[in-house]
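Only one structure is covered here, and it is reproduced in the block below.
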Amino acid sequence: MKHHLLQLLSQALDALKSEGVLPADMATEIQLERTRDRKHGDFASNLAMVLCKQARSKPRDLAEKLVAALPGSDQVSKVEIAGPGFINFYLSPGAYHSGVAQILAQGESYGRSDIGQGKTVQVEFVSANPTGPLHVGHGRGAAYGATVADLLAAVGYKVHREYYVNDAGRQMDILATSVYLRYLDLCGEELVFPSNGYKGDYVWDIGASLHRKHGDALRHSAAELFDGVPADEPDGGDKELHIDALIQRSRELLGEEHYRETFDLGLDSILENIRNDLEGFGVHYDEWFSERSLTESGAVERAIQRLQDSGHLYREKGALWFRSTDYGDEKDRVVVRENGQTTYFASDIAYHMNKLERGYERVIDVWGADHHGYVPRVKAALTALGDNADKLDVLLVQFAILYRGGEKVPMSTRSGEFVTLRELRHEVGNDAARFFYVMRKCEQHMDFDLDLAKSQSSDNPIYYIQYAHARVASVMRQMQDKGMQWDRAAGEQNLDRLSESHEDALMVSLSRYPEIVEAAALNHEPHAVAHYLRDLANELHTYYNAHQFLVDDDALRNARLNLIQATRQVLANGLQLLGVSAPDSM
RNA sequence: GCGCCCGUAGCUCAGCUGGAUAGAGUACCGCCCUCCGAAGGCGGGGGUCACAGGUUCGAAUCCUGUCGGGCGCGCCA
């Protein structure tokens, strides 16, 4: 509908250009908006006010010329000039009636479009280190990323969903060492667990499966392991030096083969856990991309070489630095450490280089907001490599703070006192979790009210929306009990019987849905869909309370059933985009 | 100290990329079930859009500054 009106305006503009009223070479993006107030019609454009300077005429005069040049349309019943020079469009009843028919005809595909034109976009999200289970912070990134991806797919992009697996690096070595220490403990060795190690119960489980497989074959005495290892923090030492030395000793004692096995056992079991968590949350991926593969394929080396060749690297204090300050970063960054090891950043340069090499036209990263300082250096690297950094959008997701009984739920990764995503799903259910996570703008800090998410009452927006959907299904069941019929074709013929203000309002809302989806997708704002669905549900409930649907008058009944079935369809489509179920009864 | 994000009803948040009289939910008060699910609906009170300037036909929205909150400033990942 909106596109149709834009076309009309565009034709009017062309007409005025050829008449010489407006400069022919003028390029304008026409703005057309839904009116806030129905008294101003359905759509309004500020075109005349925007162009009045170029046309050297008063806004209202120009508006009149534009309106005069507007081609006729059976979708438009009236065009008015109002206020300082707004052009207000009133849609014809027929436009709304055909809208209802369209929804029922298109079904699940209503709201989808092809404005993305099949352009490829990669969405990388969550990508939490496989060193432990996902927690509620990751959950928001998962729900948000998955919904953004689904929205983009709905408007015609070819979407590739990807999880970057940090299967290399020091944190993973710490995990492997933690697993080995738990294994030794199970063998009967008495040892003090490092303060920097991973202390979660899941590490015990992995240590146990290592023990099941090898028995005591990999056992070394604690004394042997701690030989030459500097003191841990509680003993007045440095926890970083302590753990690094333990990693080193574990490697030596286990030998490369068994160390690798321990490492991979930890990686695989945690990754499996993460996969299951996300699958259970309705979050699916096309690819799990291994960081290690970047080193093995030589991509990291190649990225560094390219930066080297183009003169963006220099050596200082034994390390190799990338001059990211040339492209707006605050300081230069190390890519190869003094000890010869590449940094995490080096992998990330290679990873993003790889993404663009794979030919994606757009690349989206969803990160926790605490990584925001990282954006300039990644973009700097892409620019230095000669790529277009504008292809990359980094979407930052703020943390969610849980509330239970009006109190903040304490959380810190350090103390191991965090709520896992699995616990959250178990407590409030998938639907509420998915919905609450995307209910807020991503850059907004979020208060996640667990009690509200759990409550099965109208206070809870997710129940409110699902209830609207179930209510329509219930009406249809009731209809059969009463021995009545729904004849969709007859309903279509009689849509002009829908003359109540509630019906009018409902039809307006239904016609907005494709615009909502389009804007939500392009702006990466799933919350717009959540708010829309709440409003739509409200209109259905209001209508329900004001009028009887199952009336004896066949024509009226069929028309009304068409309308509420169309509403049910849009509710279902919207909920599906958010990863939330649309039940027929509750 | 520097950088990024955020300040809108008592509380939680929208506000369609600068438009017409700033909106929902919640909480509080009052109404509506011999009627398709009251898990619902209707009505009411509640605001200096943090503050001060600026840009223009027009600002909650854009720019500058101040105040307040969050996060980030490693040869960690």
Side-chain angles (χ1 to χ4, degrees), chain A residues 31 33-37 39-40 44 46 49-50 52-53 58-59 82-86 88 129 131 166 168-172 174 240 291 316-321 329-331 333-345 347-348 368-376 396 398-399 401 403 406 439-441 443-449 452 455-461 463-464 466-468 470-479 481-482 484 512 515-516 519-520 523 525 527-528 530-532 534-535 537-538 540-551 560 564 585-586:
Chain A
Q31 287 183 44
E33 297 177 327
R34 287 278 178 177
T35 55
R36 196 172 311 186
D37 190 330
K39 280 179 293 200
H40 300 128
N46 60 359
M49 291 179 287
V50 175
C52 62
K53 267 188 197 158
K58 291 178 187 167
F86 287 105
N88 292 339
N129 281 349
T131 53
N166 296 115
R170 185 163 167 267
Q171 295 305 319
M172 288 306 297
I174 294 176
E240 307 291 349
E291 177 187 358
E316 189 177 299
K317 287 186 273 182
L320 198 57
W321 298 70
D329 197 7
E330 289 175 8
K331 48 176 295 190
R333 311 289 172 178
V334 170
V335 287
V336 182
R337 296 203 285 259
E338 196 176 358
N339 65 9
Q341 288 191 325
T342 55
T343 59
Y344 174 85
F345 178 45
S347 296
D348 233 6
D370 53 334
H371 286 75
H372 68 80
Y374 207 75
V375 179
L396 300 169
Q398 293 283 351
F399 293 127
I401 300 163
Y403 284 82
M439 202 165 55
R440 306 291 178 226
K441 270 193 302 215
E443 67 263 34
Q444 191 77 248
H445 299 260
M446 180 172 67
D447 290 336
F448 195 124
D449 186 336
L452 179 61
S455 84
Q456 309 211 347
S457 77
S458 62
D459 304 354
N460 187 346
Y463 277 91
Y464 185 84
Q466 289 179 320
Y467 178 43
R471 200 165 219 182
V472 175
S474 172
V475 169
M476 300 312 282
R477 285 192 296 269
Q478 196 62 226
M479 177 191 75
D481 291 350
K482 291 188 174 182
M484 291 173 163
R512 286 175 58 213
E515 297 158 31
I516 297 287
N523 299 324
E525 292 181 338
H527 75 277
H531 284 273
Y532 167 82
R534 214 263 155 210
D535 289 344
N538 172 249
L540 183 91
H541 289 310
T542 303
Y543 181 34
Y544 179 95
N545 274 276
H547 300 285
Q548 193 79 11
F549 307 149
L550 299 176
V551 292
R560 285 184 170 170
I564 64 168
S585 68
M586 301 174 63

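The chains referred to below are lettered A, B, ... by the order of the sequence lines, with proteins before strands, and numbering in each begins at 1.
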Between [options], spot the one nearest the side chain of [X], thanks.
| X | options | result |
| --- | --- | --- |
| K441(A) | A14(B), C4(B), C5(B) | A14(B) |
| H531(A) | C73(B), A14(B), G19(B) | A14(B) |
| R440(A) | C13(B), U21(B), A38(B) | C13(B) |
| R337(A) | C75(B), U21(B), C71(B) | C75(B) |
| Y467(A) | C13(B), A38(B), A77(B) | A38(B) |
| D447(A) | U12(B), C71(B), G19(B) | U12(B) |
| L550(A) | G41(B), C36(B), C6(B) | C36(B) |
| A44(A) | C6(B), C73(B), A20(B) | A20(B) |
| T35(A) | A20(B), G41(B), G7(B) | A20(B) |
| N129(A) | A77(B), G74(B), C13(B) | A77(B) |

When both hydrogen-bonding distances must be under 3.5 Å and the geometry is Watson-Crick or G-U wobble, what is [N] paired with, if anything?
| N | result |
| --- | --- |
| G3(B) | C71(B) |
| G65(B) | C51(B) |
| G25(B) | C11(B) |
| C33(B) | none |
| C57(B) | G19(B) |
| A38(B) | none |

Think [X] has a side-chain N or O under 4.0 angstrom from the OP1 or OP2 of [N]?
| X | N | value |
| --- | --- | --- |
| Q31(A) | G18(B) | no |
| Y544(A) | A38(B) | yes |
| H527(A) | G15(B) | yes |
| N545(A) | C42(B) | no |
| R170(A) | A77(B) | no |

Handout entry: 5' precedence on RNA chain B between R333(A) and T343(A) (nearest-nucleotide basis)
Key = R333(A)
Completion exercise
Comparing N523(A) with V334(A), nearest RNA chain B nucleotide closer to 5' gives the residue N523(A)
In whole Å, what separates the [atom1] atom of [N] from that of [M]?
| N | M | atom1 | value |
| --- | --- | --- | --- |
| G3(B) | C57(B) | P | 32 Å |
| A38(B) | C33(B) | P | 12 Å |
| C42(B) | G25(B) | P | 8 Å |
| G65(B) | G41(B) | C1' | 49 Å |
| C49(B) | A60(B) | C1' | 5 Å |
| A14(B) | U8(B) | P | 10 Å |

Find the distance [X]:[atom1] to [N]:[atom2] and express it as a whole number of Å.
| X | N | atom1 | atom2 | answer |
| --- | --- | --- | --- | --- |
| H372(A) | G3(B) | NE2 | P | 12 Å |
| E330(A) | C4(B) | CD | C1' | 9 Å |
| M484(A) | C36(B) | CE | P | 12 Å |
| M439(A) | U12(B) | CE | P | 13 Å |
| D370(A) | G74(B) | CG | C1' | 15 Å |
| K317(A) | C75(B) | NZ | P | 8 Å |

Practice task
Give the minimum heavy-atom separation between V334(A) and A319(A), together with the two atoms involved.
Solution key: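 Closest heavy-atom pair between V334(A) and A319(A): CG1-CB, 4.1 Å.
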Problem - Shortest non-hydrogen contact from T131(A) toward Q171(A) - result: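 Of all heavy-atom pairs spanning T131(A) and Q171(A), the closest is CG2-O, 3.9 Å.
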Exercise for the section: Would you please determine if the base of G69(B) is stacked by H445(A), with stacking meaning a centroid separation under 5.5 angstrom and planes under 30 degrees? Expected result: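 A stacking contact does not exist, since H445(A) is not both close and nearly parallel to the base ring of G69(B).
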Problem - Stacking of H40(A) on A20(B) base (centres under 5.5 Å, planes under 30°) - result: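 So H40(A) counts as stacking on the base.
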Practice task
Establish, for the pair R512(A) and Y532(A), whether the NZ or CZ atom is under 6.0 angstrom from the six-membered ring centre and no further than 45 degrees off its axis.
Solution key: no
Exercise for the section: Could you check if the base of C57(B) is syn or anti? Syn means the glycosidic torsion is within 90 degrees of 0. Expected result: anti
Problem - Chi class for U64(B): syn within 90° of 0, otherwise anti - result: anti
Handout entry: Whether Y374(A) and F345(A) hold their rings parallel, tilted or perpendicular, with breakpoints at 30° and 60°
Key =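 Taking F345(A) first and then Y374(A), their aromatic rings stand perpendicular (interplane angle over 60°).
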Problem - Check: N88(A) side chain, A20(B) base, donor-acceptor under 3.5 Å - result: yes
